[in-house]
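Notes for the one structure printed next.
Only a predicted model underlies this, so the values are computations on that prediction, with no experimental measurement involved. Side chains are part of it too, since the values below use all heavy atoms of this structure and drop only hydrogens, waters and symmetry mates. So you know, we letter chains A, B, ... as the sequences are listed, proteins then strands, and number each from 1.
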Amino acid sequence: MRQALEGSQAIARAVALCRPGVVAAYPITPQTHIVEGISKLVADGVMDCELVSVESEFSAASVALGAAAAGSRAYTASSSQGIMLMSEVLYNIAGLRVPMVLTCANRAVGAPLSIWNDQQDSMAVRDAGWIQLYCADNQEAVDTTIQAFRIAEATELPVMVCVDGFVLTHTMEPIDLPDQDVVDAFLPPYHFARMLDPARPISLGTLVDPAWFTEARHSHHHALLKALPVIEQVDRDWQAATGRAAGGLLEVIGPADAPTAILCLGSVASTFTEVLEDHPPDDPVKLIKLRAFRPFPAEALRAACIGVKTLIVLERALSPGLGGIVAVEVQAILATVPDAPAVHGFAAGLGGRDMPVELLPDLLAAARAGRPGEFTIADVQLSKLPEEDR
Amino acid sequence: MDAKPTAPGTGSLKAQDYKSDLKPVWCPGCGDFAVLSAITKALAELQVPREDAAVVSGIGCSSRIPAYTSVYGFHSIHGRALPIATGLKAARPDLTVFCAGGDGDGFSIGGNHFIHACRRNVDLTYIVMDNEVYGMTKGQASPTTEPDWTGSKLTPQGPGVAPFQPLEIALSAGANFIARGFSGDPNFVVRLIVEAVRHPGFSLVQVLSPCVTFRPEQRAWKETTHADWAPEAASTDRREAFLRLLDDDGFTTGVLYKGHNPVFAPPHPSSANLADLEKGFAL
């Protein structure tokens, strides 16, 4: 049913539709509304679920891990410093190949302390071995949350659903929430093959010596690569069930043969989709909306870049001392392509700075005036800084 | 920080001198205003030069306090104020170090550090503004919240968990000075902080500090608190202090315990040098 919902409440409702057995909750801005929303649904008797209110994000991730290992469909959510505190457990969850879903309400990582949106938190754990999917709007957040449980359970990998804090979590949007029977048919009751079972005792997390560690890593890496077609197929199945797709691995918006493309992740893709509708047709620009960041859809990216001469990569995070995170990965992936586009890396929107519609023409101008391979923080106001820091 | 160097013992510093120019963003009526005021009054009474004091905090409403003082401030990571303060004190034992924060920060996410800070018994003063709620994230149950408090959206049927007992845990873990105050009796809080700073080792001052926004019923603490642990009659015997706690309703204020456990000191400089050590590896 179509209804006006705050992003966090929409995500909470989507989680409820997936019938998790255990949800672990610890408050952190801007994520708190999600677990509070779930808590209300549990208290109202809408969800038959154990909600465990814990003492830290480390515990939240650990409670979810224990529940998932015991065969329960598990969920938790966090942001920023919470994701950082979870990071040791996040590596464990993925390395143990225990499926679960986590919403990351993206927020900057301190210091300096900021409660506002960027994507440094999820980028900081990109190598933890989780699937990471980025949402451009709250309909995608709902659809991706439901898909995430199916992807996790099909691949035995945890899935992080990334939604921009405040920009999505605190925004009211008209949302189509699927009916329970649609979700039940899409997401059948969960059975974890390696669950902790007294009838068939196993141990999780035992010490692995050098004779096997490399092989465990190899199989984890390949599990992520093998998840690429799963992510695509699950989105196709969702489209068949609801009439809506959520962007597959990546989505190309605008003229397919445009020589200029902008690649971005998250809510700014929605902004740019609108901006490009009014963009002059004699300067064709297309948008590459990257939904799956891990596993990285290298083939899909190469296909999307055929004919592209100038590729702008815009990200809401950076790797200090290097520059772009996504931009560098994109450059590496395109390095073997003949006539590869010139890649121009930009960060913007850090720590909650708005990404206005004017940003797009500014990026186009900066890329066309700049050198390929360069990285710039597009919206830095250098006049605020002392001379030596500019 | 507008640091004007001050010489100790001049008696020239007033409480106001320890306040910064920033106006606190706390809600009107928050108990933390009185705690801030008590810290600055205690500093004035102790005449600690501003450049010789530091306030380290974690994250939360009360953890904003370093910004509101004019001494060295460190607004650190959620729950990690105590280990950071420990490092600070280890590097600069001459500083008067305060740790300040809330019950969520100190007993929940930072609960482990609290236990080990008591054990380590570093000479610093930990002021916990306890309002039995997470205020900054808009009203969730904290470790000190009553199990049947139904005011939180996260635990609408109550947290259902036995409250954390900071004083009992501090006493068990080896803290050297344990006191409880009430922000509605700020002059008494000043006295507790002064005694805490003067007493060597780890000092815990739990200050019941009402959250008028999310726990308006805490305004009644004015009636429920009772100053029955007279500072001059503080127990120096752990057994007696434990017995006092068994009779405590959670609202007794004063000094519970003054111990004489060994105070943490960085290892003494060794008389050995590297050249002597290397002789042992000579082939």
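- Interatomic distance, CG of B:Leu154 versus OG1 of A:Thr32, reported as 8.5 Å (0.5 Å rounding).
- Note: B:His78 NE2 to A:Leu85 CG = 9.0 Å, rounded to the nearest 0.5 Å.
- Contact record, A:Glu36 with B:Lys138: OE2-O, 4.4 Å, taken as the closest heavy-atom pair.
- Using a 4.5 Å heavy-atom cutoff, the side chains of B:Thr155 and A:Ser39 are not in contact.
- Counting heavy atoms of neighbouring residues, nucleotides and ligands inside a 6.0 Å radius, atom CZ of B:Arg80 exceeds 12 of them.
- Within the 4.5 angstrom heavy-atom criterion, no atom of A:Ile115 approaches chain B.
- Summarising the local packing, CD of A:Glu50 is surrounded by 12 or fewer heavy atoms from other residues, nucleotides or ligands at distances under 6.0 Å.
- Around the CG atom of A:Asp48, the shell of radius 6.0 Å holds no more than 12 heavy atoms that belong to other residues, nucleotides or ligands.
- The minimum heavy-atom distance between A:Ala43 and B:Gln157, with the atom names listed, is O-NE2, 3.9 Å.
- Residues B:Ile109 and A:Phe58 fail the side-chain proximity criterion, which asks for heavy atoms closer than 4.5 Å.
- For CZ of A:Arg353, the number of neighbouring non-hydrogen atoms (other residues, nucleotides, ligands) closer than 6.0 Å is greater than 12.
- Here the side chains of A:His33 and B:Lys153 are not in contact, with every heavy-atom distance at 4.5 Å or above.
- Summarising the local packing, CD of A:Glu88 is surrounded by 12 or fewer heavy atoms from other residues, nucleotides or ligands at distances under 6.0 Å.
- Chain A forms the most heavy-atom pairs under 4.5 Å with one residue out of B:Ser108, B:Ser152, B:Pro143, B:Gly79, and that residue is B:Ser108.
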